[in-house]
K.L.:
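Please read through the structure below; I'll follow up with questions.
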Amino acid sequence: MKELMLGNKALARGLYEAGCMIISSYPGTPSTEITEEAAKYDDIYCEWAPNEKVALEVAHGATVGGRRSACAMKHVGLNVAADPLFTISYQGLNAGLVVCVADDPGMHSSQNEQDSRHYAVAAKIPMLEPSDSEESRIFAKRAFEISERFNTPVLIKMCTRVSHSQSVVEPEERIVPKQVPYEKDPTKVMMTVNSRNAHVRVEQRTLDLIAYAEESDLNRVEMGDPSFGIITSSTSYQYAREVFGEKASILKLGMVYPLPEKLIRDFAAKVDRVIVLEELDPFIENHCKQLGIQVSGKDTFPICGEFSQNLVRSRMGMEVPETITIEEDIPVRPPVMCAGCPHRGIFYALKKNNCMVYGDIGCYTLGAVAPLNAMDLNVCMGASCSGLHGFNLAMGREGEKRSVGVIGDSTFIHSGMTGITDISYNMTNSTVIILDNSITGMTGHQQNPTTGKNLRGEPAGKVDLESLCRALGFERVRVVDPYDLEQTDKVLKEELEAEAPSIIISRRPCVMIKGTVHKPPIVPREDKCGGCKACMQIGCPAISVREKKVKIDNTLCIGCEVCTQMCRTGALTKG
């Protein structure tokens with residue numbers, strides 16, 4: 001029976017149908033739903049790992065044990081998983097291994113716009129790139145076949161538009177291959193001679209995969225008007241079809257590494273002009289040029305940002321259909337933390353104390369926007385801890401007394417532990433604030449090792465952050481409630497003055513966690529409000545001032561009482 005599915009859901013369906021038994025992942029938009037959807041199948045063991053490196057190692061270990069396995073991550077997560085990926089490419093597998101990575105052109109929810117296709121080249125492993133939901137399902141199954149045929153992990157590259165758009169899928173039955181027996185093989189220990197021999201095998205494998213790409217139906221020619229031909233892949237294929245219609249000549253590449261050579265030359269010979277349509281880097285374009293084929297690509301289409309049908313039309317000199325526009329000058333609505341967000345209190349204290357804040361990756365990155373403006377920079381998961389240590393090495397005591405690192409509980413488990421170990425071991429008087437909101441917030445409320453629940457919400461082992469930090473060498477570990485502004489400010493000042501490494505755990509559950517019971521909304525007293533706007537300094541979307549009087553939006557306010565602590569006139573009272 002046909003069904004509309006998100007690309008991520010369809011990919012999960014393909015993993016299920018292929019007999020995948022184990023999936024270990026770390027959540028990251030736009031990849032998160034792959035594992036969440038797979039977890040709905042009781043036949044697949046699914047888990048959230050502490051980070052992507054661990055996830056890939058778990059999945060690889062499962063393939064050594066003879067079961068088809070997979071992991072999923074976003075593009076920057078592949079950076080974390082790169083260490084095992086490169087060696088697994090040499091070592092090989094026992095059963096199929098599929099690594100799902102979702103890129104984010106346009107950076108809808110990411111700190112960079114890297115192109116994951118380069119990892120396929122660097123790790124010397126094949127990469128498939130579906131262009132819709134049905135291909136996502138099919139490619140997942142084909143990826144396992146390629147993995148086992150060529151003894152290699154296989155990357156499936158999604159992107160935001162494919163991951164989060166819906167198209168028709170035709171589900172099929174699940175077929176589970178027999179478990180492959182484990183046998184000792186000394187040549188799989190990657191050292192000296194073994195590694196050198198493995199590299200030779202990998203290079204031959206690449207040649208074999210090129211031959212496969214020449215004949216595979218994953219790559220197909222759709223001939224039409226020979227005046228120009230388009231070489232494309234992924235969602236760009238959909239744009240090409242919508243813009244140029246059925247008469248266009250298109251070489252649609254489903255296997256983007258290794259790329260075919262003869263197939264591309266033959267296609268180019270059939271058309272008068274070749275255009276390469278691809279988002280981000282000139283990956284296919286450069287391959288064509290290396291083959292001696294004259295093509296247009298990044299001289300026509302941008303190297304930055306996400307494409308659209310109208311962008312393609314515009315760059316091709318075609319008429320762009322009229323679109324509906326709003327003439328009024330509407331104010332920009334920046335992203336904002338939720339009403340009652342526990343992170344707001346700690347960022348208010350940091351701004352009040354004029355701290356240099358080394359940020360990290362999570363919903364608390366929104367502490368950088370107005371009116372809090374309380375984050376100086378961020379780099380990647382865990383960099384707040386080690387980056388702060390480096391800052392203080394350069395700045396000395398002057399820096400230690402006014403700088404902090406902030407990191408969420410899930411991010412801390414992901415990559416923060418090694419950073420704070422560097423602080424405690426090498427003894428800078430650095431203060432790291434762990435924002436413990438009891439969930440992985442930004443990617444949609446996934447569990448993590450600090451919550452006491454696993455991916456399916458069942459009871460699981462729980463990391464005790466206080467005990468862990470002390471075990472890593474910190475004698476000063478303080479816990480604050482960020483709703484208590486006076487306590488938060490007091491502890492922050494004390495730890496900045498302390499001549500020792502310190503941890504502050506800001507603990508209050510995310511207000512959006514299902515089942516959380518909130519207090520009644522705050523009650524505004526207009527007769528006591530002088531219109532000073534002190535309450536506006538925390539940037540809570542439930543608070544506004546109109547006609548010089550404070551207003552509370554009862555549909556947003558959760559009664560956290562932070563604003564009542566900022567009001568000097570008593571104009572804000574408990575509900």
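All values below were derived from every heavy atom in this structure, side-chain atoms included, with hydrogens, water molecules and symmetry-related copies excluded.
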K.L.:
Heavy-atom count check: over 12 atoms from other residues, nucleotides or ligands less than 6.0 Å from K188 NZ?
P.N.:
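Enclosed: over 12 neighbouring heavy atoms sit under 6.0 Å from NZ of K188.
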K.L.:
Does T440 use its side chain to pair, donor to acceptor, with the backbone of Q446 at less than 3.5 Å?
P.N.:
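Checking the backbone N and O of Q446 against the side chain of T440, a donor-acceptor pair under 3.5 Å is found.
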K.L.:
Between T35 and L455, does a side chain to side chain contact (heavy atoms under 4.5 Å, CB included) hold up when you go through it step by step?
P.N.:
CA-CA 9 Å; T35 307; L455 186 153; 3.7 Å; yes
K.L.:
Distance check, rounded to the nearest 0.5 Å: I439 atom CD1 versus I513 atom CD1?
P.N.:
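So the gap between those two atoms works out to 5.0 Å.
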K.L.:
More than 12 foreign heavy atoms under 6.0 Å from CD1 of I175: is that the case here?
P.N.:
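Not buried by this count: 12 neighbours or fewer within 6.0 Å.
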K.L.:
Please output the side-chain donor-acceptor pairs of residues 288-296 that fall under 3.5 Å, not counting sequence neighbours, one pair per line with the distance.
P.N.:
{"from": "K289", "atom 1": "NZ", "to": "E285", "atom 2": "OE2", "distance (Å)": "2.8"}

K.L.:
If we ignore hydrogens and angles and just use 3.5 Å, is the side chain of R174 paired with the main-chain N or O of R13 as donor and acceptor?
P.N.:
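No, R174 side chain to R13 backbone: no donor-acceptor pair under 3.5 Å.
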K.L.:
Checking F267 now: which residues fulfil ring pair (Phe, Tyr, Trp, His ring centres under 6.0 Å) with it, not counting sequence neighbours?
P.N.:
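Residues passing ring pair (Phe, Tyr, Trp, His ring centres under 6.0 Å) with F267: none at all.
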K.L.:
Please determine if R161 and D103 form a salt bridge, counting it only when a charged side-chain N lies under 4.0 Å from a carboxylate O.
P.N.:
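D103 and R161: not salt-bridged.
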K.L.:
Salt bridge (charged side-chain N to carboxylate O under 4.0 Å, His left out) with R117: which residues, sequence neighbours excluded?
P.N.:
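So R117 forms a salt bridge (charged side-chain N to carboxylate O under 4.0 Å, His left out) with D115, E278.
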K.L.:
If you measure from CG on L97 to OG1 on T152, what distance do you get to the nearest 0.5 Å?
P.N.:
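Between atom CG of L97 and atom OG1 of T152 there are 8.5 Å.
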K.L.:
Write down the atom of S236, the atom of F307, and the distance for their closest heavy-atom approach.
P.N.:
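S236 and F307 have their closest heavy atoms at OG-CD2, 4.1 Å.
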K.L.:
Counting only N and O atoms by type, is there a donor-acceptor contact under 3.5 Å from the side chain of T206 to the main-chain atoms of V202?
P.N.:
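Such a contact is found between T206 side chain and V202 backbone.
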K.L.:
So D104 and T29, do their side chains get closer than 4.5 Å, heavy atoms only?
P.N.:
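Sidechains of D104 and T29: no contact.
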K.L.:
Between F228 and V271, is there a side-chain heavy-atom distance shorter than 4.5 Å?
P.N.:
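Side chain of V271 against side chain of F228, heavy atoms only: no contact under 4.5 Å found.
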K.L.:
Any Lys/Arg nitrogen of E17 or R137 sitting under 4.0 Å from an Asp/Glu carboxylate oxygen of the other?
P.N.:
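Between R137 and E17 there is a salt bridge, with a charged N closer than 4.0 Å to a carboxylate O.
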K.L.:
Calculate, to the nearest 0.5 Å, the distance between atoms CZ and NZ belonging to R201 and K124 respectively.
P.N.:
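Reported value, rounded in 0.5 Å steps: 14.5 Å.
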K.L.:
Assess whether a salt bridge exists between E222 and R220, defined as any Lys/Arg side-chain N lying under 4.0 Å from an Asp/Glu carboxylate O.
P.N.:
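So E222 pairs with R220 through a salt bridge.
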K.L.:
Between S136 and M158, is the side chain to side chain contact (heavy atoms under 4.5 Å, CB included) condition met? List the steps.
P.N.:
CA-CA 8 Å; S136 299; M158 305 288 279; 3.4 Å; yes
K.L.:
Are K270 and D266 ion-paired here, with the side-chain N under 4.0 Å from a carboxylate O?
P.N.:
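So K270 does not pair with D266 through a salt bridge.
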K.L.:
Taking only residues two or more places apart in sequence or in another chain, which ones pass side chain to side chain contact (heavy atoms under 4.5 Å, CB included) with C338?
P.N.:
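Partners of C338 by the side chain to side chain contact (heavy atoms under 4.5 Å, CB included) criterion, ordered by chain and then number, come out as V511, M512.
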K.L.:
Are the side chain of S249 and the backbone of G224 linked by a donor-acceptor contact shorter than 3.5 Å?
P.N.:
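Checked: pair present.
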K.L.:
Do F301 and V276 make a side-chain contact, defined as non-hydrogen atoms from C-beta onward lying under 4.5 Å apart?
P.N.:
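F301 does not reach V276 side chain to side chain.
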K.L.:
Say whether, by atom type as modelled, one donor and one acceptor occur between the side chain of N194 and the main chain of P186 under 3.5 angstrom.
P.N.:
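Side chain of N194 to backbone of P186: a pair is present.
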K.L.:
How close do P105 and C159 get, heavy atom to heavy atom, and via which atoms?
P.N.:
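Shortest heavy-atom separation between P105 and C159 comes out as CD-CB, 4.1 Å.
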K.L.:
Test Q91 against T87 for side-chain hydrogen bond (donor to acceptor under 3.5 Å, both in side chains), laying out the working first.
P.N.:
CA-CA 6 Å; Q91 187 180 69; T87 301; over 6 Å; no
K.L.:
Under 4.5 Å between any side-chain heavy atoms of C71 and M73, yes or no?
P.N.:
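When only atoms from C-beta onward are counted, M73 and C71 do touch, with a gap below 4.5 Å.
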K.L.:
Could you go through Q238 and D132, starting from their C-alpha distance and side-chain angles, then the distance that decides it, and tell me whether this counts as side chain to side chain contact (heavy atoms under 4.5 Å, CB included)?
P.N.:
CA-CA 8 Å; Q238 305 293 353; D132 59 23; 3.7 Å; yes
K.L.:
Could you report the tightest heavy-atom contact between A140 and I156, atom names first, then the distance?
P.N.:
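In terms of heavy atoms, the two residues are closest at CA-CD1, 3.6 Å.
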K.L.:
Could you pull out all residues at least two apart from K184 that satisfy side chain to side chain contact (heavy atoms under 4.5 Å, CB included)?
P.N.:
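Side chain to side chain contact (heavy atoms under 4.5 Å, CB included) list for K184, sorted by chain: Y182.
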K.L.:
Scan side-chain atoms only and decide if Q114 and N79 contain a donor-acceptor pair under the 3.5 Å cut-off.
P.N.:
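Side chains of Q114 and N79: pair found under 3.5 Å.
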K.L.:
If you count heavy atoms of other groups shown closer than 6.0 angstrom to CD of E203, is the number above 12?
P.N.:
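More than 12 heavy atoms, drawn from other residues, nucleotides or ligands, come within 6.0 Å of this atom.
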K.L.:
Answer yes if the side chains of N310 and S308 hold a donor-acceptor pair under 3.5 Å, and no otherwise.
P.N.:
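Looking only at side-chain atoms, S308 and N310 do not form any donor-acceptor pair under 3.5 Å.
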K.L.:
Judged by atom type as modelled, is there a donor-acceptor pair below 3.5 Å linking the side chain of T411 to the main-chain atoms of I361?
P.N.:
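A pair under 3.5 Å: yes.
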K.L.:
How many angstroms lie between CD1 in I125 and CD1 in I88, if you round to the nearest 0.5 Å?
P.N.:
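The distance works out to 9.0 Å.
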K.L.:
Of all heavy-atom pairs between N219 and G254, which one has the smallest distance, and what is that distance?
P.N.:
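Distance-wise, the nearest heavy atoms are OD1-N, 3.0 Å.
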K.L.:
Is a donor on one side and an acceptor on the other found under 3.5 Å between the side chain of E458 and the backbone of K453?
P.N.:
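Here the side-chain-to-backbone pair does not exist.
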K.L.:
Look up atom SG in C100 and atom CG in L155, then write down how far apart they are to the nearest 0.5 Å.
P.N.:
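The distance works out to 9.0 Å.
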K.L.:
Judged by atom type as modelled, is there a donor-acceptor pair below 3.5 Å linking the side chain of H287 to the main-chain atoms of P260?
P.N.:
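Answer holds: yes.
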K.L.:
Quick one, E113 with H75, criterion side-chain hydrogen bond (donor to acceptor under 3.5 Å, both in side chains). Give me CA distance, side-chain angles, the key distance, then yes/no.
P.N.:
CA-CA 8 Å; E113 203 174 24; H75 60 298; over 6 Å; no
K.L.:
Find out whether M21 and I44 are in side-chain contact, i.e. whether some heavy atom of one side chain is under 4.5 Å from a heavy atom of the other.
P.N.:
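No. Closest side-chain heavy atoms not under 4.5 Å.
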K.L.:
Is the backbone N or O of N151 less than 3.5 Å from a side-chain atom of R205, with the two atoms forming a donor-acceptor pair by type?
P.N.:
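Looks like yes, one N/O pair under 3.5 Å.
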K.L.:
Are any of the side-chain nitrogens in E129 or K157 under 4.0 Å away from the carboxylate oxygens of its partner?
P.N.:
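Judged by the 4.0 Å cut-off on N to carboxylate O distance, E129 and K157 do form a salt bridge.
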K.L.:
Decide yes or no for Y239 and E279: does some side-chain heavy atom of the first lie under 4.5 Å from some side-chain heavy atom of the second?
P.N.:
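Yes; the side chains approach each other to less than 4.5 Å.
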K.L.:
If every non-hydrogen atom of S384 is compared with every non-hydrogen atom of D360, which pair is closest and at what distance?
P.N.:
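Minimum heavy-atom contact is OG-OD2, 2.5 Å.
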K.L.:
Any Lys/Arg nitrogen of E148 or R68 sitting under 4.0 Å from an Asp/Glu carboxylate oxygen of the other?
P.N.:
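Judged by the 4.0 Å cut-off on N to carboxylate O distance, E148 and R68 do form a salt bridge.
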K.L.:
Does the side chain of I23 reach to within under 4.5 Å of the side chain of S69, using non-hydrogen atoms?
P.N.:
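Sidechains of S69 and I23: no contact.
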K.L.:
Please check this pair: side chain of N51 against backbone of Y26, looking for a donor-acceptor N/O pair closer than 3.5 Å.
P.N.:
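No, the answer is negative, given that no donor and acceptor are paired below the 3.5 Å cut-off.
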K.L.:
Looking at E47 and R456, is any side-chain nitrogen of the basic one under 4.0 Å from a carboxylate oxygen of the acidic one?
P.N.:
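No.
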K.L.:
Which heavy atom of A143 sits nearest a heavy atom of V154, and at what distance?
P.N.:
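Distance-wise, the nearest heavy atoms are O-CG2, 3.5 Å.
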K.L.:
Run the salt-bridge test on K141 and E145 with the 4.0 Å N-O cut-off and return the result as yes or no.
P.N.:
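A salt bridge is absent here (no side-chain N lies under 4.0 Å from a carboxylate O).
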K.L.:
Within the 4.5 Å heavy-atom criterion, are V256 and L128 side-chain neighbours or not?
P.N.:
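No - every pair of side-chain heavy atoms lies 4.5 Å or more apart.
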K.L.:
Apply ring pair (Phe, Tyr, Trp, His ring centres under 6.0 Å) to Y16 and list each qualifying residue two or more places apart in sequence or on a separate chain.
P.N.:
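Result, ring pair (Phe, Tyr, Trp, His ring centres under 6.0 Å) vs Y16: Y41.
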K.L.:
Check whether the side chains of S131 and E135 place a donor and an acceptor atom closer than 3.5 Å, and report yes or no.
P.N.:
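The criterion, which ignores hydrogens and geometry beyond distance, is satisfied for E135 and S131.
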K.L.:
If you measure from the Lys or Arg side-chain nitrogens to the Asp or Glu carboxylate oxygens, is any gap between E3 and K9 under 4.0 Å?
P.N.:
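Salt bridge: yes.
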K.L.:
Apply side chain to side chain contact (heavy atoms under 4.5 Å, CB included) to K74 and V101, showing your working.
P.N.:
CA-CA 5 Å; K74 67 185 295 176; V101 57; over 6 Å; no
